[in-house]
Amino acid sequence: MSAPVRSALWMSGAMVSFMLMAISGRELAGRLDTFEIMFFRSLIGIGIVVGACAWSGTLNRISSRRFGLHVIRNAFHFLGQNLWLYAVTVIPLSQLFAFEFSTPLWVALFAPLFLAERLTATRLLAAGLGFAGVLMIARPGTAPITPGIIAAGFCAVGFAGAVIATKLLSRTESIASILFWLVAMQAVFGLVAAGADLQMRLPQTDDLIWVFLIGLCGLAAHFCMTKALTLAPATVVGPLDFLRLPLIAVVGYLLYDEPAELLVFAGAIVVFGANYLNVRAEHRSLARKTAVS
């Protein structure tokens, strides 16, 4: 089986995982708040990560050398994930996923500040196109800007901050260490936030399958996407990831009777085009550097 085909199969696993997360978050609405979901999801994640590291013999790679950066990375992720879990309950699934596609554009804008990367004309053009696409999705002035829309927009910023911190961590830290501190810190953050009002709820029997799916699929989605990127370039994986939008639109229509809005798809296509433009430019830049060296 060729590498591109295997990459497509891994991306299929990522897409299924993302969709199951969205369905699980929607099903838990009104039963558990987002902080409670994050706490119980992270407990499941701790079991999975520690078990996987013990099985693979990588427990000794877990380090606290860059503890402060782990805190920053997981604070951003906790913010983004809670906003995502809130938005998934109040706006159409296709609209939320369309907003998510703006995350790489925020990364491209933040990279010069934190990763010492150049802010090129292509990145600025991509950011401008991406912003235009986001406006098409949100439709300010023609549709009400609800808390769900705001949460969906800012969850992409939270995820972008987590990506930047992860890039910094990956220069010195192992994947085992990054994943362990991810689930461990998210559990602490979730426990503190959920217990702040002294009214923390436990999952009922009917909730357990959805909590387990969120915990499992959250890790599986990122693992599958990482494997896909190791087998094929981002210019191949990116278009495959875009298939999440029409697939989740079908899920939203079949399960929740959500309409498929043309402007959401049009805006998502513009955002995707901006991402693709940026990826192609980075790919050409890398190819030139490789040729020179």
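What's counted below: heavy atoms across the whole structure, side chains too, no hydrogens, waters or symmetry copies.
Here the shortest heavy-atom pairing between Arg26 and Val88 reads NE-O, 2.6 Å. Taking both residues in full, the closest heavy atoms of Ala220 and Ser17 are given as CB-OG, 3.6 Å, listed atom of the first, atom of the second, then distance. Closest approach of Leu93 to Glu258, counting heavy atoms only: N-OE1, 2.9 Å. The nearest pair of heavy atoms linking Leu219 to Gly45 is CD1-CA, 3.9 Å. The two atoms that bring Cys224 and Gly13 nearest to each other are SG-C, 4.0 Å, heavy atoms only. The shortest non-hydrogen separation linking Gly25 to Thr89 is O-CG2, 3.8 Å.
The aromatic rings of Phe159 and His77 sit tilted, their planes meeting at an angle between 30° and 60°. Relative orientation of the Trp181 and Phe67 rings is perpendicular, given thresholds of 30° and 60° on the angle between their planes.
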### Task
Apply side-chain hydrogen bond (donor to acceptor under 3.5 Å, both in side chains) to the pair Thr172 and Arg65, showing each step before the final yes or no.
CA-CA 9 Å; Thr172 59; Arg65 286 174 302 181; 5.3 Å; no
### Task
Take Tyr256 and Ile23, measure what side chain to side chain contact (heavy atoms under 4.5 Å, CB included) needs, and give me the verdict at the end.
CA-CA 10 Å; Tyr256 306 111; Ile23 293 169; 3.6 Å; yes
### Query
Can you list the steps and then say if Leu254 with Val250 is a side chain to side chain contact (heavy atoms under 4.5 Å, CB included)?
CA-CA 6 Å; Leu254 293 177; Val250 171; 3.7 Å; yes
### Query
Are Val163 and Phe110 close enough, and set up right, to give a side chain to side chain contact (heavy atoms under 4.5 Å, CB included), and what steps lead you there?
CA-CA 10 Å; Val163 169; Phe110 292 159; over 6 Å; no
### Task
Verify side chain to side chain contact (heavy atoms under 4.5 Å, CB included) between Asp207 and Leu28, making sure each step is shown before the conclusion.
CA-CA 7 Å; Asp207 304 332; Leu28 287 171; 3.8 Å; yes
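Aromatic ring centroids of Trp10 and Phe223 lie under 6.0 Å apart.
A heavy-atom distance below 4.5 Å is found between the side chains of Ile44 and Ile48. At a threshold of 4.5 Å between non-hydrogen side-chain atoms, the residues Ser177 and Arg61 do not count as touching. Using a 4.5 Å heavy-atom cutoff, the side chains of Arg244 and Met19 are not in contact. Counting heavy atoms from C-beta outward, Phe78 and Met38 have side chains that approach closer than 4.5 Å. Put simply, the side chain of Leu79 does not reach to within 4.5 Å of the side chain of Asn82, judged on heavy atoms.
In the hydrophobic cluster analysis, where Ile, Leu, Val, Met, Phe, Trp and Tyr join through side-chain heavy atoms closer than 4.5 angstrom, Trp55 is grouped apart from Ile46. Neither Val264 nor Ile145 shares a network with the other; the hydrophobic side chains, linked directly or stepwise wherever heavy atoms of I, L, V, M, F, W or Y lie under 4.5 Å apart, form separate groups for each. Note on Leu202: it clusters hydrophobically with Ile214, by side-chain heavy-atom contacts below 4.5 Å among ILVMFWY residues. Phe40 and Ile209 fall within a single hydrophobic cluster, where Ile, Leu, Val, Met, Phe, Trp and Tyr side chains are chained together by heavy-atom contacts under 4.5 Å. The hydrophobic cluster containing Met11 also contains Phe18, counting ILVMFWY residues as joined when their side-chain heavy atoms lie under 4.5 angstrom apart, directly or transitively.
At a cut-off of 3.5 Å, with distance as the only test, a side-chain donor of Gln81 or Arg41 sits close to an acceptor on the other residue.
Partners of Tyr86 under the ring pair (Phe, Tyr, Trp, His ring centres under 6.0 Å) rule, at least two apart in sequence or in another chain, do not exist in this structure.
Expressed to the nearest 0.5 Å, how far CZ of Arg201 lies from CG of Asp33 amounts to 5.5 Å. Distance CD1/Ile269 to CZ/Phe265: 8.5 Å, rounded to 0.5 Å. In this structure, the separation between CG on Leu191 and OG on Ser42 is 10.5 Å, given to the nearest 0.5 Å. Note that CE of Met200 is 8.5 Å distant from CG of Leu32, once rounded to the nearest 0.5 Å. Between atom CD1 of residue Ile178 and atom CG of residue Leu182 there is a gap of 9.5 Å, rounded to the nearest 0.5 Å. For the atom pair CD1 (Ile37) and CG (Leu85), the distance works out to 5.5 Å, reported to the nearest 0.5 Å.
Around OH of Tyr253, the count of heavy atoms belonging to other residues, nucleotides or ligands within 6.0 Å does not exceed 12. Counted within 6.0 Å of CD1 on Ile175, heavy atoms from surrounding residues, nucleotides or ligands total 12 or fewer; the atom is thus considered open. Within 6.0 Å of atom CZ in Phe154, 12 or fewer heavy atoms from other residues, nucleotides or ligands are found, so the atom counts as exposed in its surroundings. Within 6.0 Å of CZ on Phe76 lie no more than 12 heavy atoms contributed by other residues, nucleotides or ligands.
Salt bridge status for Glu173 with Arg73: absent, with no side-chain N to carboxylate O gap under 4.0 Å.
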